[in-house]
Amino acid sequence: MRRGILLYGPPAAGKDTITDVLTEMDARYVRFTRLKIGAGNTKGYRMGTLEQLANLEACGDVIYRNERYGNIYVVDRPGLEQATGGGRTPIIHLGQMVGMEQVSSLFPAHWARVLLWCSKETTALRSPQRGDTDTAARLAAWDATQADLAAHPWAEWELRVDTDTTEAREAAKRIDAVVRMPSPDA
């Protein structure tokens with residue numbers, strides 16, 4: 001059974017930093033590069049066009065799409081097929097519960113669902129430190145993530161990590177331990 005990691009949390013909760021540590025720990029871990037249609041930051045994305053998106057939608061290959069910061073972000077089946085090839089374990093960053101639900105239900109794999117959390121104050125501090133020029137939008141996204149999480153009290157997590165009090169390397173070790181646990185489908 002294929003494996004994957006879904007990292008959920010507000011902006012600046014440490015998704016990028018923890019992913020970097022995981023990929024350094026084990027070459028099987030790979031950052032899933034979502035398709036992005038729009039402008040702004042290109043690091044960590046496969047930049048695409050509206051035509052590409054229309055083609056993916058026509059083929060039923062869009063697993064999840066969302067719009068934020070004036071851009072469209074897509075988790076696509078061909079991208080996930082490639083990312084899970086060769087025994088690799090993709091790490092997907094998500095900030096919406098519906099995305100968590102769609103990826104885990106529409107792409108068969110043993111998904112480790114990890115909640116990364118930090119305070120709004122921490123997001124306010126980390127956002128400009130990582131080069132964001134739209135911290136106000138990141139704080140609005142933090143509010144939306146908190147409301148989204150509150151609206152899904154039944155959400156199941158294999159792991160919850162408070163990144164205000166847990167260093168990235170420790171969080172990565174905990175995530176790695178969860179991923180290495182035998183799958184219930186095994």
Can you see which heavy atom on A112 is nearest to which on V178, and at what distance?
CB-CG1, 4.1 Å

For the backbone of G79 and the side chain of Q82, can you confirm whether one donor and one acceptor N or O come within less than 3.5 Å of each other?
no

For the backbone of D134 and the side chain of D132, can you confirm whether one donor and one acceptor N or O come within less than 3.5 Å of each other?
no

Could you tell me if S119 and T122 have a donor-acceptor pair between their side chains, going purely by distance under 3.5 Å?
yes

Is it true that R160 and E158 make a salt bridge, defined as a side-chain N closer than 4.0 Å to a carboxylate O?
no

Looking at side-chain heavy atoms only, is the closest gap between I18 and I175 below 4.5 Å?
yes

In this structure, which one of K15, K43, R31 forms a salt bridge (charged side-chain N to carboxylate O under 4.0 Å, His left out) with D20?
R31

Check the pair W117, W142 against ring-ring contact (aromatic ring centres under 6.0 Å, His included), reporting the backbone distance first and the verdict last.
CA-CA 10 Å; W117 198 258; W142 189 98; 5.4 Å; yes

Between A171 and T166, which heavy-atom pair has the shortest distance, and what is it?
N-CG2, 3.8 Å

E170 and R174 ion-paired at < 4.0 Å
yes

Using a strict threshold of under 4.0 Å (side-chain N to carboxylate O), is an ion pair present between R88 and D26?
no

Out of curiosity, R46 CZ to K36 NZ, how far, rounded to the nearest 0.5 Å?
13.5 Å

Distance-only polar pair, side chains of R126 and T135, donor-acceptor under 3.5 Å:
no

D148 side chain to Y8 side chain, donor-acceptor N/O pair below 3.5 angstrom
yes

Check ion pair D76-R34 (N to O, under 4.0 angstrom):
no

I'd like to know if the side chain of Y29 pairs up with that of D176 as donor and acceptor (distance under 3.5 Å, no hydrogens or angles considered).
yes

If we ignore angles and hydrogens, is there a donor and acceptor under 3.5 Å between the side chains of E101 and Y64?
no

